[in-house]
Amino acid sequence: MRISLLRQVCQLTTAGVAIAAAAACSKGETAQARGRDAAAKPVSVELVKKERAVRAVDLVGTLAAVDQVTISSETEGKVSRILADLGDRVQAGQPLILVDREKQQYNFEQQKAALARALAQYGASDPEHLPDIEKTPDVQKASADLRQAQQAYDRTNELFKRALVPQQMLDDAGATLQAKQAGYDLSLQNAKNLRASIQASEASMKLADRQLRDTEIRAPFDGYVEKRLVNLGELVKMQMPVMSVVRVDPLKVVAEIPEKMAPWIHDGQPVEMHVDAYPDKTFSAKVSRISPAVNAATRAFPFEALAPNRDAQLKPGTFARVHIESGKVDDVLTLPAAVLQYRYGVNRVFVIDGDRLTAHELKVGERMGDRVEILSGVDAGAPVAATDIDKLTDGMKVTTAAGKKAEE
């Protein structure tokens, strides 16, 4: 009896525990369901927009001087003065180095005297106003003698015809006429030779003057001295490098345009540049030259753009980040860059589908300010969650406004 009663008590106790456990489980499931409903996350929404995008090219180029030259000496002699040095700004025609000019000065004076002597013999004051050959002193004298001899011969011949003078006098008059004619011809030839001598003396004097001026080695253009190659008192010879000068205004930026964008970029297009020395400043330039042939190694077209550099802020040889807006315009889908979740090399967004989030992997294109081009993964007009992106998960329940579910 006791055993039977004990068994009944145990059965009743077990049943009570089971009922209590079942009741507890039911209450727990209800609480979890309520918790899930309460955990719906409020999010803001961004729509996938369709926009027109102007395609641009971003490159890294190198700044280079338009003109850069190593100046060589055109004469021989010792360096007597150095008038410019490393980093100095120089103007076109400004003397940079002076070479001893004593020998060249003597040579110039000698050639100048030779020209003056030839001009005096010719009867001219300067080489630019030479009289005609027939009007030179020697030719005019010979011409007068010839006319006198001709007249004497004519008179003697007339008297001879009247038998008033002997044959000998006529022969003497004829010989004198021939001598005067020869003298006239000789004076003409001498005048021609003297005229040629004047031209040669003038050329020699100009050459001597050039050699004298070559002792002043001058800047060929406005720029800066990049390097000085000689010292004071050093003996320089012809074609010996003495100084390097570089023009920095304007500078050119040299880079390469990708093959696919080459048809959309032309001469004269504006270019924006940034350099590390001035990170917050934008420099302007214009495309000046584009190679007609592609670089076989890089499959790109070399080009140059000229950048004004009046204040010499840009320096040759430095790198520049180049931005060129092309003439190519496309219709694209875009989203704010902030709504993309990037994990493990994959970009994705969470599209709101009813009251749940659905993850979509994206293929993205170019960055367009604070927005990103979407190549595939979502359609135009799709609503995308834009709140706490890093905390969103696939299937998460959300609402798009306080107290309302996303499906509403």
Side-chain angles (χ1 to χ4, degrees), residues 17-60 258 260-261 264 272 274 279-280 282 321 323-408:
V17 172
I19 291 171
C25 289
S26 177
K27 291 180 180 179
E29 290 177 356
T30 302
Q32 289 180 358
R34 290 177 180 174
R36 284 196 299 270
D37 289 340
K41 184 178 182 62
V43 295
S44 59
V45 180
E46 286 284 350
L47 299 180
V48 179
K49 292 184 179 180
K50 189 174 184 179
E51 301 183 41
R52 292 181 67 81
V54 177
R55 296 300 185 183
V57 181
D58 291 298
L59 309 164
V60 176
K260 66 178 182 179
M261 295 301 296
W264 307 100
E272 292 183 355
H274 292 86
D280 299 328
T282 300
R321 293 180 296 279
H323 177 83
I324 309 174
E325 289 192 357
S326 72
K328 184 173 171 42
V329 181
D330 293 329
D331 292 326
V332 298
L333 301 179
T334 67
L335 275 171
V339 306
L340 272 65
Q341 186 185 87
Y342 182 79
R343 288 183 180 174
Y344 310 111
V346 175
N347 286 293
R348 62 178 182 172
V349 294
F350 295 91
V351 176
I352 301 174
D353 185 8
D355 63 346
R356 302 284 178 178
L357 296 181
T358 303
H360 288 242
E361 292 187 2
L362 302 181
K363 184 178 181 181
V364 299
E366 297 179 5
R367 184 72 179 257
M368 303 166 59
D370 60 349
R371 302 182 72 85
V372 178
E373 177 187 2
I374 308 300
L375 301 179
S376 64
V378 291
D379 297 325
V384 175
T387 304
D388 293 336
I389 302 302
D390 291 336
K391 297 179 181 180
L392 301 181
T393 59
D394 189 31
M396 177 181 286
K397 197 169 187 178
V398 296
T399 59
T400 58
K404 295 184 179 180
K405 293 186 178 180
E407 62 184 354
E408 296 175 352

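Keep in mind that what you see is a predicted model, and the values were worked out from it rather than measured.
The shortest non-hydrogen separation linking Met261 to Ser326 is CE-OG, 3.4 Å. Looking at every heavy atom in both residues, Val339 comes nearest to Ala385 through CB-O, 3.9 Å. What you find for Gly365 and Leu375 is that their closest heavy atoms are N-CG, 3.8 Å. Here the closest heavy-atom approach between residue Ala380 and residue Leu333 is recorded as CB-CD2, 3.6 Å.
The salt bridge (charged side-chain N to carboxylate O under 4.0 Å, His left out) check on Arg321 picks up Asp276, with sequence neighbours excluded. Under the side-chain contact (heavy atoms from CB on, under 4.5 Å) criterion, Asp370 pairs with no residue at all, not counting sequence neighbours. Contacts of Thr282 classified as side chain to side chain donor-acceptor pair (under 3.5 Å), with partners at least two apart in sequence or in another chain: His274. Take Asp379 and apply the side-chain contact (heavy atoms from CB on, under 4.5 Å) test, not counting sequence neighbours, and it matches no residue. Every residue two or more places apart in sequence or in another chain that forms a side chain to side chain donor-acceptor pair (under 3.5 Å) with Ser44 is listed here: Thr387.
Judged by distance alone, with hydrogens and angles left aside, the side-chain atoms of His360 form a donor-acceptor pair with the main-chain N or O of Gly377 at under 3.5 Å. The backbone N or O of Lys397 lies less than 3.5 Å from no partner atom in the side chain of Asp355, so there is not a single donor-acceptor pair. A donor-acceptor pair under 3.5 Å is formed between the side chain of Gln341 and the backbone N or O of Ile389.
Atom CZ of Arg367 is separated from atom CG of Asp58 by 12.5 Å, given to the nearest 0.5 angstrom. The CZ atom of Phe350 lies 7.0 Å from the CG atom of Asp394; values are rounded to the nearest 0.5 Å.
Put simply, the side chain of Leu392 does not reach to within 4.5 Å of the side chain of Asp390, judged on heavy atoms. Side-chain contact between Leu357 and Thr393 is absent, with no heavy atoms from C-beta onward closer than 4.5 Å. Side-chain contact between Met396 and Lys41 is present, with heavy atoms from C-beta onward closer than 4.5 Å. Proximity of Arg348 to Arg343: side-chain heavy atoms (C-beta onward) are separated by under 4.5 Å at one or more points. Val43 is not listed as a side-chain neighbour of Asp388, based on a closest heavy-atom distance of 4.5 Å or more. Side-chain contact between Leu59 and Pro258: present, with at least one pair of heavy atoms (C-beta onward) separated by less than 4.5 Å. With a 4.5 Å cut-off on side-chain heavy atoms, Val384 and Ile352 do not count as touching. Side-chain contact between Leu340 and Val364: present, with at least one pair of heavy atoms (C-beta onward) separated by less than 4.5 Å.
The side chain to side chain donor-acceptor pair (under 3.5 Å) analysis of residues 46-57, with sequence neighbours excluded, yields the pairs Glu51-Thr334, Glu51-Arg371, Arg52-Asp331, Arg55-Asp330, Arg55-Glu373.
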Exercise. Are Ile374 and Val332 close enough, and set up right, to give a side chain to side chain contact (heavy atoms under 4.5 Å, CB included), and what steps lead you there?
Worked result: CA-CA 7 Å; Ile374 308 300; Val332 298; over 6 Å; no

For this session: Show the numbers, then the answer: is there a side chain to side chain contact (heavy atoms under 4.5 Å, CB included) between Leu335 and Val48?
Result: CA-CA 6 Å; Leu335 275 171; Val48 179; 3.8 Å; yes

